[in-house]
Structure formats: C-alpha cells, structure tokens
Amino acid sequence: GAGVSQSPSNKVTEKGKDVELRCDPISGHTALYWYRQRLGQGLEFLIYFQGNSAPDKSGLPSDRFSAERTGESVSTLTIQRTQQEDSAVYLCASSLVGQAGGNTIYFGEGSWLTVV
Amino acid sequence: GEDVEQSLFLSVREGDSSVINCTYTDSSSTYLYWYKQEPGAGLQLLTYIFSNMDMKQDQRLTVLLNKKDKHLSLRIADTQTGDSAIYFCAESIGTGGFKTIFGAGTRLFVKA
C-alpha cells in the first residue's frame, strides 16, 4: 500500500481481555517495528522484525505481549490479559533497509488502546 | 546499553532560533534522525545524518553531530508557530540490522 496501515484505529477493551492489533507495512519494506507511546510520553521500542532473521523482542514489557509477522508482510501484536497500564497508542512502522538515508522509518497512524 | 536522551521542553519566541539537543549511548550508531510529531498526528521524518558526517543543512534545519561526545543537535532557524511540535531524536544501531531507538521527545513551544 501507499503507507503503513494499522487496525483498529481505536480499541476499548475490558481489563483481562486479549487484544490483537494489526499492521500492514509499506509493500517491499523488509523491516517492521512496533512501538508504544503512552499519553504525553516518548516512544518505547517493543519489537523489531527484519527479513527472515529472528525478531528482536528485547522491548516487550512482559510475556503477555507477543508479535508475529508473516514473511515480509502483515504483523500482529497480541496483548493477553490486558491491564490498565497497557493503555497507549501502539505504533507500527516499516523501513526499507539499505536504502539511501539508512533506515528511514515510516509510521502508521497508530492503534489507540484503552483498557477499562 | 541503548539509550537516547533529550530535554523534555523548549520554549522560544517566533523568529528566534531553536536548538534541540540529544545524547545517545551506543557507539555503533550508523544513522541518527530527527522526527517531528505534530499534535494528533503521526511521526514524520524531518532529517537524518550519517554517523561519519558532522553537519548537515537542509533549508532552515541544521543538524550537528559530535560523535566523540555522542551528541546530536537540531537547530531550527527563524522558528515559526507552525514548528510547535514534539521532536524525537533517534539512532539506528548496528551494521547487520537497523534497530531504531527513539528518545522521549522534546516539546517545542513557539510563542508569537
């Protein structure tokens, strides 16, 4: 697609429920990222996929968080047994590794998650 | 470790220059970036600099990199009210991959 697409754009869920957030990266981009941005805060790195390499999961805050990516396309971030502190904007981004300008990252609009 | 630090707030008068500073810890950074986030909008790339450069100029924007001190700055000349936003410093780490770490962002307020 023309840009990084995320769905849902907004999600309100009850504490304890599981949620899935989806990301469609820019076609042909080999790298895909998930970040979390709490209200008024900076970007918190969660996970990074690059081609067929093992993902860098070092930013996932707990074992309730997991992410998958199918080849070099769609990714799903799953949060199990959601807690109120999970409320944030979850930003997906993609990049074409090796292009001029290094690793310019293109962001989606984010999925706003509210846990009540 | 991987860490990017920025001051949280900066306030300037319209027409003055703004200087936003950033420090990073990872010496294997390949590229360093400045992203802009306007209220209610997503992040957009402003400019970037390769780690073997020490300066890059792009219209009103000047990026200075001091690799020895691991210090990056963004200067905005003739700051306008439309420049009010959050500015994120970011570094791409390593040569085999491009894991990108962001700072917490600097909120720039421009007073008319």
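Keep in mind it's a predicted model, so treat the numbers as computed, not measured. Side chains included, hydrogens not; waters and symmetry mates left out as well; all remaining heavy atoms used.
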Roughly how far apart are A:Tyr48 OH and B:Thr100 OG1, rounded to 0.5 Å?
-> 7.5 Å

Does A:Leu43 share a hydrophobic cluster with A:Leu21, counting links as ILVMFWY side-chain heavy atoms below 4.5 Å and allowing steps through other members?
-> no

Report yes or no: does B:Tyr33 contribute a side-chain atom to a donor-acceptor pair with the main-chain N or O of A:Ile105 at less than 3.5 Å?
-> no

Report yes or no: do A:Val89 and A:Val19 belong to one cluster of Ile/Leu/Val/Met/Phe/Trp/Tyr joined by side chain heavy-atom distances under 4.5 Å?
-> no

Is the CD atom of A:Glu68 crowded by more than 12 outside heavy atoms at less than 6.0 Å?
-> no

Is B:Leu10 reachable from B:Tyr35 through a run of I, L, V, M, F, W or Y residues, each pair having side-chain heavy atoms under 4.5 Å apart?
-> yes

Same cluster or not: are B:Tyr31 and A:Phe45 linked, directly or through other Ile, Leu, Val, Met, Phe, Trp or Tyr residues, by side-chain heavy atoms under 4.5 angstrom apart?
-> yes

With a 4.5 Å heavy-atom cut-off (strictly below), which parts of residues 102-112 of chain B touch chain A? List them by number.
-> B:Phe102, B:Gly103, B:Ala104, B:Arg107

Non-hydrogen atoms of chain A under 4.5 Å away: do they reach the side chain of B:Leu43, the backbone, both or neither?
-> both

Side chain, backbone, both or neither of B:Gln6 within contact of chain A (heavy atoms, under 4.5 Å) | neither

Shared hydrophobic cluster, B:Leu32 / B:Tyr87 (ILVMFWY, side-chain heavy atoms < 4.5 Å) | yes

Sequence neighbours excluded and cut-off under 3.5 Å, please list the side-chain donor-acceptor pairs for residues 107-116 of chain A, or say none.
residue: A:Ser111; atom: OG; partner: A:Pro8; partner atom: O; Å: 2.6

Report, one line per pair, each donor and acceptor closer than 3.5 Å where one atom sits in a side chain of residues 52-67 of chain B; sequence neighbours left out.
residue: B:Lys56; atom: NZ; partner: B:Tyr48; partner atom: O; Å: 3.1
residue: B:Arg60; atom: NH1; partner: B:Ala77; partner atom: O; Å: 3.0
residue: B:Arg60; atom: NH1; partner: B:Asp78; partner atom: O; Å: 3.2
residue: B:Arg60; atom: NH1; partner: B:Asp83; partner atom: OD2; Å: 3.0
residue: B:Arg60; atom: NH2; partner: B:Asp83; partner atom: OD1; Å: 3.0
residue: B:Arg60; atom: NH2; partner: B:Asp83; partner atom: OD2; Å: 3.3
residue: B:Asn66; atom: OD1; partner: B:Lys68; partner atom: N; Å: 3.1
residue: B:Asn66; atom: OD1; partner: B:Asp69; partner atom: N; Å: 2.9
residue: B:Asn66; atom: ND2; partner: B:Asp69; partner atom: OD2; Å: 3.1

Please name all residues satisfying ring-ring contact (aromatic ring centres under 6.0 Å, His included) with A:Phe65, sequence neighbours left out, ordered by chain then number.
-> none

Contact class of B:Phe88 relative to chain A, heavy atoms under 4.5 angstrom | side chain

Which residue out of A:Gly42, A:Gly59, A:Gly51 racks up the most heavy-atom pairs below 4.5 Å with chain B?
-> A:Gly42

A:Glu44 versus chain B, the contacting section by heavy-atom distance below 4.5 Å | neither

